[in-house]
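Along the sequence shown, residues are numbered consecutively beginning with 1. Excluded from the calculations below are hydrogen atoms, water molecules and symmetry mates; all remaining heavy atoms, backbone and side chain alike, are included.
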Amino acid sequence: LGDENEGGNGGADAKPQLYFKLSETRVPPVIRRVFEKRGWKEWNPETDSEGLWSLHWKSGRFKLSDWDRCLPHQKINHCPKSSAITKKDNLHRNIKRLAGSY
């Protein structure tokens with residue numbers, strides 16, 4: 001990523017610092033604790049470049065434009081148009097509907 005905010009000792013086998021981005025206050029506190037326990041740092045919009053974060057975590061939905069703006073190394077914790085299988089109520093309804101079709 002080549003940013004001055006990268007961690008590590010600069011050695012050949014040093015891993016780049018990974019950053020997570022939380023975009024709202026509704027994200028459960030356990031999410032932040034798990035990332036930090038695993039050595040990730042929280043992305044700060046005031047000091048870090050937009051391209052620095054590796055994972056954007058959000059409890060709600062992302063807009064398709066959020067996906068379009070992601071760089072190749074950046075991931076988002078929701079897949080677009082996937083609520084038919086990722087929400088339990090929708091999955092149940094769709095399985096029942098498909099079971100009636102066969």
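Going from atom NZ of K58 over to atom NZ of K63 covers 7.0 Å, rounded to the nearest 0.5 Å. Interatomic distance, Q74 CD to R69 CZ, rounded to the nearest 0.5 Å: 10.5 Å. Summarising the geometry, atom CD1 belonging to I31 is positioned 8.0 Å from atom CG belonging to N77; distances are rounded to the nearest 0.5 Å. Separating the CZ atom in R38 from the CG atom in L18 is a distance of 12.5 Å, to the nearest 0.5 Å. Considering OG of S23 and CD1 of I76, their distance stands at 9.0 Å, rounded to 0.5 Å. Interatomic distance, W40 CH2 to S54 OG, rounded to the nearest 0.5 Å: 5.0 Å.
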Item to check | N94/R97 under side-chain contact (heavy atoms from CB on, under 4.5 Å): CA gap, chis, key distance, verdict | outcome: CA-CA 5 Å; N94 288 326; R97 191 182 80 228; 2.8 Å; yes
Item to check | side-chain contact (heavy atoms from CB on, under 4.5 Å) assessment of E50 paired with W43 | outcome: CA-CA 9 Å; E50 183 63 31; W43 177 80; 3.4 Å; yes
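One hydrophobic cluster holds both V27 and F20 under the rule that ILVMFWY side chains link at heavy-atom gaps under 4.5 Å. In the hydrophobic clustering of this structure, W57 does not group with L52; members are Ile, Leu, Val, Met, Phe, Trp, Tyr whose side-chain heavy atoms approach within less than 4.5 Å, directly or through other members.
At a threshold of 4.5 Å between non-hydrogen side-chain atoms, the residues F62 and C70 do not count as touching. Annotation: side chain of H56 is not in contact with side chain of K75 (no heavy-atom distance under 4.5 Å). Taking the side chain as every heavy atom from C-beta outward, R93 and N90 approach each other to under 4.5 Å. Between K41 and F35, every side-chain heavy-atom pair lies at or beyond the 4.5 Å cut-off.
Judged by the 6.0 Å and 45° rule, K21 forms no cation-pi pair with Y19.
Summarising the geometry of H73 relative to G51, their closest heavy-atom pair is NE2-O, 2.9 Å, with the distance given to 0.1 Å.
Checking side-chain atoms of D48 against main-chain N and O of N44 turns up a donor-acceptor pair under 3.5 Å.
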